[in-house]
2 protein chains.
Amino acid sequence: MQKKRVTLADVARLAGLSPTAASMILTGRHDTRLSAEAHAKVHAAATSLGYRPNVAARALRTDRSRSIAFISDYVATTRFASGLIRGALAAAEEAKHVMLLLETGGEPARELQAVEAALDRQVDGLIFAAMRAREVFVPPLSGNVPVVMLNGTSARFPAAVLPDEYEGGRTAVRLLAETGITDSIVLLGHNPADEKGLFRSQSIARRLAGIRDAMAAHGLGFDAELSCWNWEPNHGYDLTKGLLRKRRPKAILCLNDRLAFGAYQALGEAGLTIPGDVSLVSFDNDELASYLRPGLTTISLPHEAMGRRAVQMLLEGQPGQEELITMPTVLRGSLIAPTQPDAVQKLSSTV
Amino acid sequence: MQKKRVTLADVARLAGLSPTAASMILTGRHDTRLSAEAHAKVHAAATSLGYRPNVAARALRTDRSRSIAFISDYVATTRFASGLIRGALAAAEEAKHVMLLLETGGEPARELQAVEAALDRQVDGLIFAAMRAREVFVPPLSGNVPVVMLNGTSARFPAAVLPDEYEGGRTAVRLLAETGITDSIVLLGHNPADEKGLFRSQSIARRLAGIRDAMAAHGLGFDAELSCWNWEPNHGYDLTKGLLRKRRPKAILCLNDRLAFGAYQALGEAGLTIPGDVSLVSFDNDELASYLRPGLTTISLPHEAMGRRAVQMLLEGQPGQEELITMPTVLRGSLIAPTQPDAVQKLSSTV
DNA sequence: ATCCCCTGCTAAAACCATTTAGCAATTGCC
DNA sequence: GGCAATTGCTAAATGGTTTTAGCAGGGGAT
């Protein structure tokens, strides 16, 4: 445990060269004309002293800090957050950057504070993450830091990473179609008539569009469409319970796994088996989905991949494009065996 | 959007004073002899220019950066992480600090890198968080940054924040005892005979100690003790299924909510009702617990409170003590109504 | 009138790395 | 041999803040 940190000057002194030379060599500039011998001496000195550059000093001089800020409305209220954060963190680590985590609760005042705190620390880029995809308020930024939106959009910043919900919606329907079921299909979570004027996030809108387009394309229709504001297990339970009093569905397309969980409970109480009596497909690949019996087949939200991609975009120059990440299919036991088994093989994936 | 950042010198110039004066006034030192008029002028100048101190410059000079590092083995593999992070983040924000998040996967090489990355950035403190409580390897630290262990321990760093598992274990048993059930109680998740020599984390050891002490204190004994290595839903399911072939328990004490979830599934399939036929108590207050029907009564892991406390300890001077955070009881519907209803009122809590 | 203290402020150093401008010595060219 | 270009390196400025040391001027005590 040494008294003081070792500085570049110490390294230079030990190498018998100037700090200038040491700096150039250690930062790996190749436009320099320093001798191979000088390189060797400096590197030797640096490792022998255990030199670590002082990031504050470097940031002061260069205005970059090898750090990025991940500014999120909620960090852990939803399990989605974790995946985004994890992916971002991994990509940051690979790029030898460090990640500041900031939470705003979606409150403009805290958003502003978060941005300022980040900017004060000379971050090299900002990620604005939204836990439920939406148009995000981004406070005005002084300077010109690159910004990437994650799971949300902003008019001012076109660079965004989003799940490919439209394709995901289509895939869910295709899985259903491939079981050979053609009637008594129920949509759990949305009914356009009931939800006139209700705001659903852009992601969900796309998910629904994919579903409806694919249903039409396969010549299928819903026997019933049940809506509720929050997609929580108890709503899935109540809606399914109500449904079962009148009808006996063959398949339920659930708009998320939590609704599906509720449906499982109601079906179980009614003595119906999955997938024998009723098949289910769902969305998100919530942790829940793997716990259920049988496992729930679901179109997963690729949070980790999204987080990774956002950081990569941020760090590889001026980002400007919206990018869609495909939602992988996770096949488990909640769908009856397809009529054409090989059709499903193609899109199979692991847990 | 101004071309350059406003510096302290700009503020001083506008106020007609020296940077020294401006610095002293803005950092709020009271040992100074600057006039009230000077204070007013500097503050006015600072706000009118929108001055924000350059953290890098300040860190360079003072060796503190108003930032802390949260170094965790896993950030989101487990839902526990989120709570710890959230709590820590909230406390950091209150203290006007910023939080670096680093993940090590428990690999020494990455731990070392994480520590170095943090120290390079002059963090004011380090939190080492473990997702499953354990003795944590902490790489040697140069300098003397304060360190707090979170949900884990380290011989070298006595300051630690842990859940009060012993009391939690006792509480779970007390809840059970208060239902009036005196026999046919099963422990799900641990059997000392089967687990000789198996490593269980210190937390779990304390939880078990609390349970066993309280059982003895209430004059109760377990009818069966079932063990499994991983406490996942499918194990809970399998063990309970096996159990039901031989016995018919009145109560199951589950060592975590995931085991309890599996037990719910097995009990449901066997046509037994909760809590009518079988009562359950569990630990952790996993998200799951609130989804189950009936809701699962559980002794919760106070992750958010732990995260908060860790940051507070870190920031309020030299931390040295181990601190236990009580595990709140969450009463839901999985226990039959107690014989002495008022006894439970006292420890009731909300979801 | 001298000395001392107090008030209110400032000059300049320090923190540590990067970068611009440029110096001294050698080589290349005719 | 004379001149330019190249090679291999360094001095010094720079970034923005904090902090140490100290200055100028006024007042009080003696």
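Below, each value reflects all heavy atoms present in this structure, side chains not excepted, and no hydrogens, waters or symmetry copies.
- Counted by atom type alone, A:R110 and A:Q113 present zero donor-acceptor pairs between their side chains at under 3.5 Å.
- Salt bridge annotation for B:R309-B:E316: present, with a cationic side-chain nitrogen under 4.0 angstrom from a carboxylate oxygen.
- In the set D:dG16, C:dT19, D:dT10, the nucleotide with an atom closest to the side chain of A:R61 is C:dT19.
- For the OP1/OP2 pair of C:dC9 and a distance below 4.0 Å, the side-chain nitrogens and oxygens of B:S35 include at least one atom meeting the criterion.
- For the OP1/OP2 pair of C:dT18 and a distance below 4.0 Å, the side-chain nitrogens and oxygens of A:S23 include at least one atom meeting the criterion.
- Evaluation of atom-type donor-acceptor distances gives no pair under 3.5 Å for the side chain of A:R58 against the base of C:dT18.
- Salt bridge annotation for B:R206-B:E322: present, with a cationic side-chain nitrogen under 4.0 angstrom from a carboxylate oxygen.
- Minimum atom distance to the side chain of A:T7 is reached by C:dC16, of the listed D:dG16, C:dC16, D:dT20.
- Residue B:Y51 has a polar side-chain atom (N or O) positioned under 4.0 Å from OP1 or OP2 of D:dT17.
- Contact annotation: A:R29 side-chain N/O to C:dT19 OP1/OP2 distance is under 4.0 Å.
- Electrostatic pairing of A:D63 and B:R5 does not count as a salt bridge here, judged by no charged N lying under 4.0 Å from a carboxylate O.
- Atom CG of A:L8 and atom P of D:dG15 are 19 Å apart (whole Å).
- When only modelled atom types and interatomic distance are considered, B:S201 and B:S203 share no side-chain donor-acceptor pair under 3.5 Å.
- Rounded to whole Å, atom P of C:dT18 lies 8 Å from atom CG of A:L26.
- Listed candidates were D:dT17, C:dC16, C:dT10. Nearest to the side chain of B:L17 is C:dT10.
- Atom NZ of A:K41 is separated from atom P of D:dC9 by 7 Å (rounded to the nearest Å).
- Whole-Å rounding puts the B:I25 CD1 to D:dT17 P distance at 15 Å.
- Atom pair B:E37:CD and C:dT7:P shows a separation of 17 Å (rounding to whole Å applied).
- Salt bridge status for A:E116 with A:R121: absent, with no side-chain N to carboxylate O gap under 4.0 Å.
- Distances were taken from every side-chain heavy atom of B:P53 (C-beta onward) to each of D:dT17, C:dC16, C:dC9; the shortest belongs to D:dT17.
- For the pair A:R52 CZ and C:dC16 P, the computed distance is 16 Å after rounding to whole Å.
- Spacing between atom CZ of A:R13 and atom C1' of C:dA17 amounts to 14 Å, rounded to whole angstrom units.
- Side-chain N/O atoms of B:T20 include none lying less than 4.0 angstrom from OP1 or OP2 on C:dC9.
- The residue B:A56 sits apart from the nucleic acid: no heavy atom pair falls under 4.0 Å.
- Each of B:L60 and B:A21 lies near DNA chain D, and the nucleotide nearest B:L60 is the one positioned closer to the 5' end.
- For the pair B:Q122 CD and C:dC16 P, the computed distance is 9 Å after rounding to whole Å.
- The side chain of B:M24 approaches D:dT20 more closely than any other nucleotide in the set C:dC16, D:dT20, D:dA13.
- OP1 or OP2 of D:dT10 has at least one side-chain nitrogen or oxygen of A:S18 nearer than 4.0 Å.
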